[in-house]
Amino acid sequence: MNDTNAAPEPAEHQDIRQRNLRILEALLFASETPLGTAELRPFVSDEADLDLLMADLVAQYADKGVNLVRRGDKWAFRTAEDLAFLLRREETNTRPLSRAALETLSIIAYHQPVTRAEIEEIRGVQTGKGTLDTLMEADWVRMRGRRRTPGRPVTYGTTEGFLDHFNLEALSDLPGLEELKGAGLLSNRLPPDMQIPLPFDGALRDDEDPLDEGDFGDADEDE
Amino acid sequence: MNDTNAAPEPAEHQDIRQRNLRILEALLFASETPLGTAELRPFVSDEADLDLLMADLVAQYADKGVNLVRRGDKWAFRTAEDLAFLLRREETNTRPLSRAALETLSIIAYHQPVTRAEIEEIRGVQTGKGTLDTLMEADWVRMRGRRRTPGRPVTYGTTEGFLDHFNLEALSDLPGLEELKGAGLLSNRLPPDMQIPLPFDGALRDDEDPLDEGDFGDADEDE
Amino acid sequence: MNALDKDWFEDPAPQSAPDDVLYVDVNGFEGPLDLLLEMARRQKVDLAQISVLALAEQYLGFIEKVRQKRIEVAADYLVMAAWLAYLKSRLMVPQSVDDDEPSGEMMAAMLQFRLKRLEAMRDAARQLMARPKLAQQIFARGDGEPINISRTQIWEASLYELLKAYGSIRERGIVSDYQPTRRSVWSLAEARAILERLVGTSTEWVALDGYLAEYLATPAERATVLASSFSATLELVREGQLELRQTLAFGPLLMRRRQSERP
């Protein structure tokens with residue numbers, strides 16, 4: 001082991017080593033599951049000592065916000081345990097709104113004040129109990145009042161939370177017929193008498209009564 | 001400024017700084033999508049200089065297999081560009097964009113904010129239903145606002161998703177942008193008499209209104 | 001579509017196919033500008049050097065053949081033909097001094113500019129698609145760590161999805177099996193749409209009624225084309241979108257986009 005002879009060797013080694021480490025980093029980062037020797041081996045240079053490389057990586061990340069941890073005989077990046085609180089806010093159990101709910105919401109937005117029967121007429125299908133519940137729970141839809149017609153059905157409208165979520169300053173920001181066409185959301189072959197209503201979210205209309213006292217809490221039993 | 005007095009200060013600073021960096025690291029590592037100041041700020045100490053911290057992190061990861069990259073106003077960890085050849089995955093179940101959609105996308109990217117009529121003027125052909133639709137669905141294109149000209153047409157621009165997908169830090173990274181600008185090809189007219197606009201995805205411009213009022217007025221008139 | 005996509009990523013080497021291919025392939029082009037660009041490429045010179053006059057003649061000849069063979073082409077192609085016929089006449093007839101219509105050279109430069117711009121945008125698209133893309137060559141964290149515990153259900157919906165849902169409901173009810181009727185009369189709306197495309201955003205005077213009738217209509221339709229486009233012109237003038245002038249009785253009607261707030 002002569003120092004002057006060995007000098008060029010380590011430099012080259014160092015490059016290869018660095019490259020292997022970068023590859024392992026990228027693979028482990030991009031992988032959807034923890035990776036083991038079998039999956040990692042083909043990507044590093046043949047003579048590389050995988051265990052040594054992994055030990056090196058583990059050490060590099062030991063003090064970082066993210067650590068490289070063993071899961072059985074595999075490895076994965078995981079948030080450092082002392083920072084787990086960062087990921088423990090509210091359960092952002094984000095789920096996309098169902099198609100039925102989206103449709104119902106859009107009808108309420110454009111046609112408000114609107115009753116459940118009217119929503120069903122426009123959609124052509126019955127609206128499940130859960131759909132309106134979901135929309136009210138999300139604080140996008142509210143009961144406005146009762147229509148002054150037989151049966152006094154509840155009228156629905158959108159909330160401020162709705163405007164907030166969809167980043168609208170006012171209901172009048174909802175695009176009109178021409179804009180929907182322009183964006184390709186409505187075809188150009190519509191009947192000429194097709195109309196898009198002007199939504200109304202002001203106080204109660206002439207044909208609306210205020211909600212009854214018992215209305216709060218039993219949204220679904222009114223019809 | 002006495003060294004012996006000052007000594008404990010920097011050490012404490014250093015601890016806080018280290019902790020802030022770890023927190024940013026953890027948050028950005030955990031997220032699959034880019035995060036901005038709004039998402040990061042609440043978790044670092046009040047007096048921290050977020051830009052400085054981010055610059056520090058970017059530098060720390062510059063040589064690693066995973067880099068911290070900018071996407072518009074946000075940051076994200078992404079695998080290093082030079083490892084692309086190793087990690088390349090087949091394009092599975094992504095439908096290739098039509099030629100019309102590709103052209104429209106590049107026109108929107110380089111000419112934004114741009115109206116549909118301007119896109120059609122450049123392509124010399126009407127934009128089919130479904131083209132803008134597809135681009136908006138892919139989350140590459142968004143409606144920005146309305147041009148303050150007769151008819152108040154909607155202006156289109158690109159999204160952060162566009163930057164992320166095409167691996168661009170900002171619009172100024174668009175390939176060939178400088179040459180196009182130099183050749184006057186980003187203008188709507190023959191170059192000599194015009195100052196040449198650059199693509200712009202910031203807040204609304206002077207000649208843009210927010211997407212808003214008047215929509216229904218327009219639509220009703222057309223019916 | 002697939003053939004086009006494939007073509008898109010390949011170098012657009014000038015196809016040395018015989019001219020006849022063009023006639024068969026009208027539908028393969030993305031509009032008249034695309035067709036012109038292809039024709040210009042066949043001149044095998046830099047776009048800055050093309051002969052616009054030769055290009056115009058080639059295009060007009062092409063449209064002529066298409067019409068003889070009674071192949072249907074979209075109105076856009078005919079609008080372009082009308083414009084090119086006008087351009088050709090401007091290029092060939094010397095300009096009188098008091099003529100403040102755009103010179104043929106101006107119009108030719110404009111066409112060249114549009115061709116270059118379209119080609120540049122295509123090239124840009126190609127470069128964009130050649131970049132390393134997310135989830136193909138560049139990757140995000142594969143196993144992101146979701147934020148959990150507390151119980152609030154957050155519903156995700158974008159304005160776009162909302163509007164799309166609304167559009168699809170409103171369309172669902174519409175019976176879609178109507179047969180488009182063949183028109184023999186130009187509606188005002190049609191005339192207006194075509195005029196708007198023809199005048200475009202240009203602020204130069206264009207005289208077109210003659211070319212319009214010649215290229216856009218069969219002889220039987222000329223009267224209705226002229227009547228409708230004239231009425232549509234007046235309508236556009238009334239709305240302040242167009243300016244109209246006629247220097248002598250029965251002379252050509254010149255129009256241009258109204259210039260707003262320009263000295």
Side-chain angles (χ1 to χ4, degrees), chain B residues 29-33 76-81 83-85 87-91 94 96-100 102-103 105-107 109-111 117-118 120-126 133 136-137 139 142-143 149-150 164-168 174-177 179-180 183-191, chain C residues 1-2 4-5 7-8 29-37 74 76 80 106 109-110 113-114 116-147 158-161 164 196-197 200-203 239-241 260:
Chain B
F29 241 85
S31 172
E32 290 167 37
T33 53
F77 278 112
R78 295 286 180 256
T79 56
E81 210 174 319
L83 298 178
F85 76 98
L87 304 175
R88 177 188 303 271
R89 266 177 224 170
E90 285 310 308
E91 291 181 44
T94 47
L97 279 183
S98 73
R99 178 171 153 166
L102 272 174
E103 245 171 65
L105 177 63
S106 71
I107 291 169
Y110 286 79
H111 290 257
E118 287 160 354
E120 292 179 347
E121 150 86 9
I122 294 173
R123 296 192 62 226
V125 67
Q126 289 199 340
D133 196 28
M136 288 197 285
E137 198 167 18
D139 186 32
R142 67 191 173 98
M143 298 193 223
T149 53
D164 203 17
H165 185 86
F166 290 100
N167 194 30
L168 300 162
L174 282 171
L177 189 63
E179 292 98 297
L180 288 173
L185 291 173
L186 298 184
S187 118
N188 286 328
R189 288 155 178 282
L190 284 176
Chain C
M1 265 304 177
N2 280 336
L4 272 178
D5 282 335
D7 188 23
W8 181 256
F29 287 96
E30 293 263 341
L33 213 54
D34 184 25
L35 174 57
L36 273 169
L37 191 52
D76 278 339
M80 179 59 87
M106 269 295 289
M110 187 64 197
F113 170 68
R114 291 188 66 196
K116 275 199 287 194
R117 189 174 55 179
L118 179 61
E119 188 171 57
M121 282 302 111
R122 287 191 175 164
D123 195 48
R126 206 161 25 237
Q127 289 188 51
L128 213 49
M129 294 313 282
R131 290 185 66 80
K133 292 182 285 298
L134 188 66
Q136 285 165 26
Q137 293 91 9
I138 302 278
F139 294 88
R141 175 85 182 268
D143 186 18
E145 292 169 78
I147 291 153
S158 69
L159 183 60
Y160 170 68
E161 288 166 327
K164 194 176 157 98
E196 282 180 332
R197 293 188 65 66
T201 53
S202 152
T203 50
E239 288 172 16
Q241 299 203 43
S260 51

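Sequence lines set the chain letters: A, B, ... in the order given, protein chains first and strands last, and positions in each chain run from 1. Values below: all heavy atoms of this structure, side chains included; hydrogens, waters and symmetry mates excluded.
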One pair to check against side chain to side chain contact (heavy atoms under 4.5 Å, CB included): Leu128(C) and Leu174(B). What are the steps and the verdict? CA-CA 8 Å; Leu128(C) 213 49; Leu174(B) 282 171; 4.0 Å; yes

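- Judged by distance alone, with hydrogens and angles left aside, the side-chain atoms of Arg131(C) form a donor-acceptor pair with the main-chain N or O of Phe166(B) at under 3.5 Å.
- Of the listed residues Asp143(C), Ile138(C), Asp76(C), Leu33(C), the one with more heavy-atom pairs under 4.5 angstrom with chain B than any other is Ile138(C).
- Rounded to the nearest 0.5 angstrom, Leu185(B) CG and Lys116(C) NZ are separated by 6.5 Å.
- The NZ atom of Lys133(C) sits 6.0 Å away from atom NE2 of His165(B), with the distance rounded to the nearest 0.5 Å.
- Closest approach of Pro175(B) to Gln127(C), counting heavy atoms only: CB-OE1, 3.1 Å.
- When every heavy atom of Gly124(B) is checked against every heavy atom of Pro32(C), the shortest pair comes out as O-CD, 3.5 Å.
- Put simply, the side chain of Arg78(B) reaches to within 4.5 Å of the side chain of Leu134(C), judged on heavy atoms.
- Listed by chain and number, the residues in a salt bridge (Lys or Arg N to Asp or Glu O under 4.0 Å) with Arg142(B) amount to none (sequence neighbours excluded).
- Put simply, the side chain of Arg114(C) gets close to the backbone of Glu121(B): a donor and an acceptor are under 3.5 Å apart.
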I'd like to know whether Leu180(B) forms a side chain to side chain contact (heavy atoms under 4.5 Å, CB included) with Met121(C), so could you lay out the CA-CA distance, the side-chain angles of the two residues, the decisive distance to 0.1 Å, and finally the verdict. CA-CA 9 Å; Leu180(B) 288 173; Met121(C) 282 302 111; 4.0 Å; yes

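- Considering OG of Ser98(B) and CD of Glu30(C), their distance stands at 7.0 Å, rounded to 0.5 Å.
- Contact of Phe85(B) with chain C is not made at all, since no heavy-atom distance falls under 4.5 Å.
- Using a 4.5 Å cut-off between heavy atoms, Gln126(B) contacts chain C through both its backbone and its side chain.
- Both the backbone and the side chain of Phe139(C) come within less than 4.5 Å of a heavy atom in chain B.
- The two residues Phe113(C) and Gly184(B) come nearest to each other via the heavy atoms CE1-O, 3.4 Å.
- Here the CG atom belonging to Leu87(B) is positioned 13.0 Å from the CD atom belonging to Gln136(C), to the nearest 0.5 angstrom.
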Just do the side chain to side chain contact (heavy atoms under 4.5 Å, CB included) check on Lys164(C) and Glu137(B) with the steps written out, would you? CA-CA 10 Å; Lys164(C) 194 176 157 98; Glu137(B) 198 167 18; 3.9 Å; yes

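- Scanning all heavy atoms of the two residues, the minimum distance from Arg141(C) to Phe29(B) falls at NH1-O, 2.8 Å.
- Side-chain contact between Glu103(B) and Leu118(C) is present, with at least one heavy-atom pair separated by less than 4.5 Å.
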